[in-house]
Amino acid sequence: MMRRVIPLLVSALVCFAATAQAFSFSHSGPARLAPRHAAVANGKGRGRRGTPVLALRAQDAATFVSEQAKQQIGNDAFLNKDLMARAQNGPGKKNEEKLKIGIVGAGLAGMVAAMDLADAGHDVEIFELRPFVGGKVSSWQDKDGNHIEMGLHVFFGCYYNLFGIMKRTGGFDENLRIKDHIHTFVNEGGHLGALDFRFPIGAPVSGLRSFALTEQLGLADKFHNAVRLGTSPIVRALFDFEGGMNMVRDLDDITFTEWFTQLGGSRGSLDRMWDPIAYALGFVDCDHISARCMLTIFMLFAIRTEASVLRMLDGSPQTGLHDPIIKYLEDRGVKINLGTGCRDIVYEVGADGKPSRVTGIKVGPTNELRTFDTVVCALDVPGIQKVLPQAFRESYQMFDNIYKLDTVPIATVQVRFNGWVTELNDEQRMMDVSGDQSDGRGGGIDNLLYSADAEFSCFADLAVTSPGEYYKPGEGSLIQAVFDERAFSRSNEQIVQDCIDQLHKLFPSSRKLDCTWSSVVKLGQSLYREKPGQDKYRPTQATPISNFFLAGSYTYQDYLDSMEGATRSGLMVADEIIARADGPSGLKAQAAQASSQAVA
């Protein structure tokens with residue numbers, strides 16, 4: 001085996017090194033690239049609406065007043081571990097003026113923004129439509145005490161901002177469980193493949209080794225993988241991160257399949273490895289996901305060893321992530337109104353006939369009017385599309401662009417068994433649920449799992465990976481799997497049966513086990529669809545209406561629609577408000593002026 005693998009690894013290294021040299025000295029792209037994308041290859045492509053990349057970045061940065069917010073965007077932000085300390089320590093400033101701030105949405109973005117704004121001395125109140133916090137990371141208990149989730153939540157090692165928030169609230173060391181540094185693929189018949197990053201030498205060598213040794217691909221596909229990745233922006237980034245990342249940004253207008261197959265990538269690689277990863281990232285396959293989205297993640301994996309390390313909560317998101325944040329907020333006087341959604345945004349109109357200032361929001365079943373100096377809408381894509389007034393869309397392109405963002409439906413399935421589904425090696429162990437098997441001592445695989453042979457892109461046995469609240473004495477696996485739009489229209493009963501059938505296909509010995517409980521949660525509009533051309537529609541946190549702000553993982557930040565993206569947006573919107581609060585033309589002065597004019 002090693003005789004065959006070593007030449008392949010050497011070939012990949014040579015390919016990477018040769019391409020890197022070409023990037024370092026000539027700064028030109030591969031000669032064989034199709035003319036349509038030639039400008040993209042050499043880093044001189046066009047960004048949003050034909051704007052050159054560097055001009056685009058300057059234009060986006062110019063919309064931010066806060067220097068701390070600016071640190072969250074641009075290529076340097078990807079590698080900036082200092083962001084963790086910023087999130088952990090708070091804004092580092094108390095405003096002279098105290099604003100009355102209303103936040104619509106108690107997801108991660110809204111709660112993180114509230115943390116910083118409260119620490120800066122402001123009076124903050126949150127309004128949430130659901131009876132629980134968390135947004136797309138929500139969890140709750142049913143009448144029988146089962147913890148239900150809206151999705152499968154995994155914490156990558158490059159979640160610097162979110163880890164800082166968890167350290168700030170005291171939840172990082174206690175509530176996260178680190179997993180072995182391996183990404184495992186489960187294939188039909190119980191055959192395993194993996195990207196095994198466990199190696200004394202870190203990135204990029206550990207990544208090269210993992211691709212060379214993976215059982216998930218045959219030798220031909222490994223060779224084509226090496227050729228394509230060896231001619232990618234990732235190689236340039238090893239020596240010139242700025243240049244490599246600019247190339248990635250300019251690949252938002254093509255799919256990953258288009259990019260991957262242009263210079264040697266094989267269909268087999270896409271089907272057996274990259275599609276499961278694409279589904280796990282954005283619930284769409286490589287034929288439909290933006291090349292920018294996929295390559296952003298690969299870039300981080302190639303540069304930072306810890307980026308591909310996975311952690312999972314010891315129990316539910318409510319207990320491990322949200323409860324510490326809620327306590328932090330309540331200790332600082334922040335009020336969270338559950339079951340009290342925003343029904344309308346109240347605003348004034350300027351002399352030009354355009355909305356000029358938000359004065360308040362109408363909330364709850366009685367449309368109670370609540371007035372605020374500043375309003376933050378920290379919602380997901382469908383939420384913000386529902387609440388924005390039509391006049392906002394008609395007056396400002398930024399708001400109209402939000403309606404060009406699409407979303408993907410998902411169905412999160414939980415199925416409990418009377419044994420350990422992912423235990424492949426020992427049938428007796430698979431059947432044994434006796435005694436105390438808490439704290440991850442259950443049988444099977446303690447990690448996130450991928451599959452190219454099932455409709456769920458990623459899954460895990462929560463009774464093993466997150467046993468704090470998911471392990472039950474005398475019972476076995478609690479498999480949580482996320483189905484994408486291919487299965488969304490089916491009945492809950494059919495989805496559960498399909499999940500069980502496909503688990504049996506992946507783990508044949510599990511046919512001897514019985515399902516003892518199940519749950520399906522459908523989310524018709526979850527993440528925004530990371531298809532080509534979407535990035536240009538993402539709005540900044542500050543808007544043309546001076547006291548109206550946006551937050552949420554779909555807003556402009558350089559990470560994906562994820563927990564880290566939501567956290568970043570929450571920190572950025574807080575930084576922008578804090579930077580604009582004081583002074584003769586600040587948000588407080590604007591509120592006082594508007595109030596005096598209303599009285600007059």
Can you check whether [Y]'s main-chain N or O pairs, donor with acceptor, with [X]'s side chain at less than 3.5 Å?
| X | Y | answer |
| --- | --- | --- |
| Gln480 | Thr412 | no |
| Ser526 | Val408 | yes |
| Asp275 | Cys286 | yes |
| Ser466 | Leu313 | yes |
| Gln318 | Ser138 | no |
| Glu576 | Ser66 | yes |
| Thr340 | Phe127 | no |
| Ser395 | Ala391 | yes |
| Lys179 | Thr465 | yes |
| Arg538 | Tyr554 | yes |

Looking only at non-hydrogen atoms, find the nearest pair between [X] and [Y] and report the distance.
| X | Y | value |
| --- | --- | --- |
| Val482 | Phe283 | CG1-CE2, 3.4 Å |
| Cys158 | Tyr559 | SG-OH, 3.1 Å |
| Ile103 | Ala378 | CG2-CB, 4.2 Å |
| Ala118 | Val124 | N-CG2, 4.0 Å |
| His147 | Gln414 | O-NE2, 3.3 Å |
| Lys404 | Gln534 | O-NE2, 3.4 Å |

Hey, can you tell me if Trp274 and Phe298 have their rings parallel, tilted or perpendicular (30° and 60° cut-offs)?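 Tilted.
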Roughly how far apart are [X] [atom1] and [Y] [atom2], rounded to 0.5 Å?
| X | Y | atom1 | atom2 | answer |
| --- | --- | --- | --- | --- |
| Leu449 | Ile479 | CG | CD1 | 7.5 Å |
| Lys386 | Cys342 | NZ | SG | 12.5 Å |
| Asp142 | Asn146 | CG | CG | 4.0 Å |
| Ser139 | Phe132 | OG | CZ | 8.5 Å |
| Asn175 | Asp323 | CG | CG | 9.0 Å |
| Gln71 | Glu67 | CD | CD | 7.5 Å |

I would like to know whether Phe256 and Ile277 meet side-chain contact (heavy atoms from CB on, under 4.5 Å); could you show each step before the answer? CA-CA 12 Å; Phe256 183 75; Ile277 293 174; over 6 Å; no
Have [X] and [Y] got a donor and an acceptor in their side chains that come within less than 3.5 Å?
| X | Y | result |
| --- | --- | --- |
| Gln72 | Asp558 | no |
| Tyr159 | Arg311 | no |
| Asn337 | Glu125 | yes |
| Glu394 | Gln390 | yes |
| Tyr403 | Arg393 | no |
| Tyr537 | Asp406 | no |
| Ser569 | Gln557 | no |

Is any side-chain heavy atom of [Y] closer than 4.5 Å to one of [X]?
| X | Y | result |
| --- | --- | --- |
| His322 | Val137 | yes |
| Met245 | Thr296 | yes |
| Leu550 | Ile402 | yes |
| Leu108 | Leu321 | yes |
| Met294 | Leu281 | yes |
| Tyr396 | Thr543 | no |
| Thr214 | His183 | no |
| Arg249 | Asn75 | yes |

Does Arg304 make a cation-pi contact with Tyr160 (under 6.0 Å, within 45 degrees of the axis)? no
Taking the six-membered ring of Trp259, is the NZ or CZ of Arg228 close enough (under 6.0 Å from the centre) and on axis enough (within 45°)? yes
When you look at Lys522 and Phe483, which way does the side-chain contact (heavy atoms from CB on, under 4.5 Å) test go after all the steps? CA-CA 9 Å; Lys522 288 185 173 181; Phe483 283 76; over 6 Å; no
Do other residues, nucleotides or ligands put more than 12 heavy atoms under 6.0 Å from Gln141 CD? yes
Under 4.0 Å between a Lys/Arg side-chain N and an Asp/Glu carboxylate O for Asp116 and Arg86?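 Arg86 and Asp116: salt-bridged.
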I'd like to know if Asp285 pairs up with Arg486 as an ion pair, taking the criterion as any Lys NZ or Arg NE/NH1/NH2 lying under 4.0 Å from an Asp or Glu carboxylate oxygen. no
Please step through side-chain contact (heavy atoms from CB on, under 4.5 Å) for the pair Val376 and Val104, ending with a clear verdict. CA-CA 6 Å; Val376 180; Val104 180; over 6 Å; no
Does the pair Gln502 and Glu455 meet the rule for a side chain to side chain donor-acceptor pair (under 3.5 Å), with working shown? CA-CA 8 Å; Gln502 291 175 44; Glu455 290 180 307; 2.9 Å; yes
Aromatic centroids of Phe392 and Phe548 separated by under 6.0 Å: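 Close enough - the centres of the two rings lie under 6.0 Å apart.
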When you look at Lys70 and Asp76, which way does the salt bridge (Lys or Arg N to Asp or Glu O under 4.0 Å) test go after all the steps? CA-CA 10 Å; Lys70 291 178 184 178; Asp76 291 342; over 6 Å; no
Derivation of the side chain to side chain donor-acceptor pair (under 3.5 Å) call for Asp287 and Thr257: CA-CA 5 Å; Asp287 291 348; Thr257 294; 2.7 Å; yes
What's the verdict on side-chain contact (heavy atoms from CB on, under 4.5 Å) for Leu152 and Met312, showing C-alpha distance, side-chain angles and the deciding distance? CA-CA 9 Å; Leu152 183 59; Met312 297 180 73; 4.0 Å; yes
Criterion salt bridge (Lys or Arg N to Asp or Glu O under 4.0 Å) on Asp453 and Arg272, from CA distance to verdict: CA-CA 8 Å; Asp453 295 326; Arg272 301 307 302 169; 2.8 Å; yes
